[in-house]
Protein chains: 2
Amino acid sequence: MKDSTGGQTRIQRTKIATISDAALDVFSANGFRGSTVDEIARAANLSKPNLLYYFPSKEAIHTHLLTALMDTWLDPLRQIDPEGDPLEEVLTYVRRKLAMSRDMPRESRLFANEIIQGAPWMSASLERDLKPLVDEKAAVIAHWMQNGRLKPADPHHLIFSIWSLTQHYADFDVQVRAVLGPEVRDPFPEAEAYLLTLFRRLLRI
Amino acid sequence: MKDSTGGQTRIQRTKIATISDAALDVFSANGFRGSTVDEIARAANLSKPNLLYYFPSKEAIHTHLLTALMDTWLDPLRQIDPEGDPLEEVLTYVRRKLAMSRDMPRESRLFANEIIQGAPWMSASLERDLKPLVDEKAAVIAHWMQNGRLKPADPHHLIFSIWSLTQHYADFDVQVRAVLGPEVRDPFPEAEAYLLTLFRRLLRI
DNA sequence: ACGCATTTTGACCAATCGGTCAAAGAGGAG
DNA sequence: CTCCTCTTTGACCGATTGGTCAAAATGCGT
């Protein structure tokens with residue numbers, strides 16, 4: 001009955017996935033404190049005690065989601081290649097981050113909720129995982145700029161601006177659509193064109 | 001005992017201000033659903049029934065804050081002068097928005113929480129107040145670009161990018177400080193220099 | 001079909017939620 | 001001081017919160 005994948009049964013794997021998906025819906029829409037276990041259970045079509053059979057507590061579900069997310073979230077940044085073409089590496093990073101906003105808006109909002117509310121669960125991970133990675137990639141970018149392959153600009157704030165601009169289209173989706181009006185079905189093509197223009201003009205020698 | 005200012009007593013004015021300030025602390029840190037009336041009352045040094053003597057409900061406090069905020073929030077955009085120097089008008093808007101992130105981070109987070117969670121209270125105001133103003137100013141900017149006084153770029157997304165980049169330093173303050181490290185006491189001077197460079201390179205002919 | 005581990009459930013718990021109410025307290029105009 | 005309005009409070013309400021528990025139901029290998 002046990003399974004090779006981390007000592008989990010087939011049912012456990014599917015139910016945990018179902019619960020995670022439902023919890024992502026609820027947490028990303030209401031934040032941790034604004035979400036209830038009943039609501040997650042309802043979204044997962046499970047009774048509350050049944051849900052708490054798979055996760056020991058509401059906080060455990062939340063932590064599970066955040067730790068799983070952190071890796072996915074940093075992946076595009078890790079892929080920046082010091083040996084690649086500087087401008088193209090940055091623009092590819094922008095494209096990847098914007099694609100994540102388009103394809104994983106719930107994850108983006110879960111992350112945003114956590115940070116806005118002071119990162120009570122993730123602040124340790126920010127120092128331990130995020131800071132070193134950003135420092136490393138910022139050094140790569142700074143090196144490119146010193147070699148005259150990119151126009152100079154503060155590398156850390158460059159990375160901040162990429163995060164900010166791309167995640168905006170997921171986190172503030174309601175506002176973007178309200179301003180653009182209903183005739184704009186999909187803001188992302190326009191957004192990508194604008195952002196690529198922006199970073200080309202900022203960085204291109 | 002009554003006062004000329006909208007039929008409010010002196011005590012009412014000061015207590016309502018105290019409650020609003022406390023509620024801004026709580027709502028901006030936890031979102032509407034994640035906040036409790038008890039917590040706001042505690043932050044305002046009032047008993048819960050006393051607080052509910054000045055506001056009929058938790059929702060009324062929240063609505064009060066949001067409606068008051070909407071005006072303040074749109075003010076810098078309103079100040080863009082069609083007769084002014086195009087680049088300087090945009091850069092001044094950036095400076096004003098960044099100053100608001102520095103001086104009113106709680107208001108920024110209150111707004112961000114509301115939008116991220118689908119704008120359940122503000123979506124009407126977004127269509128009624130925000131969209132027309134943005135369309136008007138976007139037309140001004142488009143006109144500048146057509147006259148060759150700014151480099152061409154999508155005006156709506158230009159405005160989005162200003163919102164996104166400036167509010168990031170309030171809403172994601174924890175992340176910014178975690179990445180920059182404790183030796184950077186105040187990220188805002190660096191941020192302003194970076195953002196002004198960014199928009200100059202994007203728009204300057 | 002058996003037997004055992006896994007899964008699901010309804011009933012239940014103390015604590016907290018938003019909000020009410022009657023009564024007590026405070027403060028100023030006459 | 002007196003009276004009346006405004007302010008404050010403790011006690012309380014039903015509903016909901018996160019979480020528990022024993023018992024029932026359901027797999028699943030043999």
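Any value given below was found using the heavy atoms of this structure, including those in side chains, with hydrogens, waters and symmetry copies removed. A, B, ... follow the sequence lines: proteins, then strands. Residue 1 opens every chain.
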Exercise for the section: Would you tell me if any nitrogen or oxygen in the side chain of B/Ser47 comes within less than 4.0 Å of OP1 or OP2 on D/dT8? Expected result: no
Exercise for the section: For the residue pair B/Phe160 and B/His157, categorise the inter-ring angle as parallel (less than 30°), tilted (30 to 60°) or perpendicular (more than 60°). Expected result: perpendicular
Practice task
Report yes or no: is the cationic atom of A/Lys151 (NZ for Lys, CZ for Arg) closer than 6.0 Å to the six-membered ring centre of A/Trp144, at no more than 45° off its axis?
Solution key: no
Exercise for the section: Would you check if A/His156 and A/Asp135 make a side-chain contact, meaning some heavy-atom pair closer than 4.5 Å? Expected result: yes
Practice task
Would you mind reading off the distance between A/Asn45 atom CG and C/dT8 atom C1', rounded to a whole angstrom?
Solution key: 14 Å
Handout entry: N or O in side chain of A/Gln12 less than 4.0 angstrom from C/dT7 OP1/OP2
Key = yes
Problem - Candidates A/Arg95, A/Arg204, A/Arg200 - the one meeting salt bridge (charged side-chain N to carboxylate O under 4.0 Å, His left out) with A/Glu88 - result: A/Arg95
Problem - Sub-4.5 Å side-chain heavy-atom contact between A/Pro105 and A/Tyr169 - result: no
Fill in the blank from the handout: Between NZ of B/Lys15 and C1' of C/dG27 the distance, given in whole Å, is 13 Å
Exercise for the section: Would you kindly give the CD1-to-C1' distance between A/Ile61 and D/dG19, to the nearest whole Å? Expected result: 12 Å
Exercise for the section: Please determine if a side-chain N or O atom of B/Asn50 lies less than 4.0 Å away from the OP1 or OP2 oxygen of D/dT7. Expected result: no
Can you tabulate the close N/O pairs, meaning under 3.5 Å, that link protein atoms to atoms of nucleotides 18-20 of chain C?
| from | atom 1 | to | atom 2 | distance (Å) |
| --- | --- | --- | --- | --- |
| C/dG18 | OP1 | B/Ser35 | O | 3.2 |
| C/dG18 | OP1 | B/Val37 | N | 3.4 |
| C/dG18 | OP1 | B/Lys58 | NZ | 3.2 |
| C/dG18 | OP2 | B/Val37 | N | 2.9 |
| C/dG18 | N7 | B/Lys48 | NZ | 2.9 |
| C/dG19 | OP2 | B/Lys58 | N | 2.8 |
| C/dG19 | N7 | B/Lys48 | NZ | 3.4 |
| C/dG19 | O6 | B/Lys48 | NZ | 3.2 |

Exercise for the section: Taking the side chain as every heavy atom from C-beta outward, state whether A/Gln117 and B/Val174 have any pair of such atoms under 4.5 Å apart. Expected result: no
Exercise for the section: Would you kindly give the CZ-to-P distance between A/Phe55 and D/dG18, to the nearest whole Å? Expected result: 16 Å
Problem - Plane angle bin for B/His62 and B/Trp121 - parallel if under 30°, tilted between 30 and 60°, otherwise perpendicular - result: perpendicular
Exercise for the section: May I ask you to say what B/Tyr54 touches in the nucleic acid, namely base, sugar-phosphate or nothing, with a heavy-atom cut-off under 4.0 Å? Expected result: sugar-phosphate
Exercise for the section: Write down the distance between CD1 (A/Ile16) and P (C/dT8), rounded to a whole number of angstrom. Expected result: 11 Å
Practice task
Verify the contact: side-chain N or O of B/Tyr53 to OP1 or OP2 of D/dT9, cut-off strictly under 4.0 Å; return yes or no.
Solution key: no
Practice task
Round to the nearest Å and state the distance from B/Ile19 atom CD1 to D/dT8 atom C1'.
Solution key: 12 Å
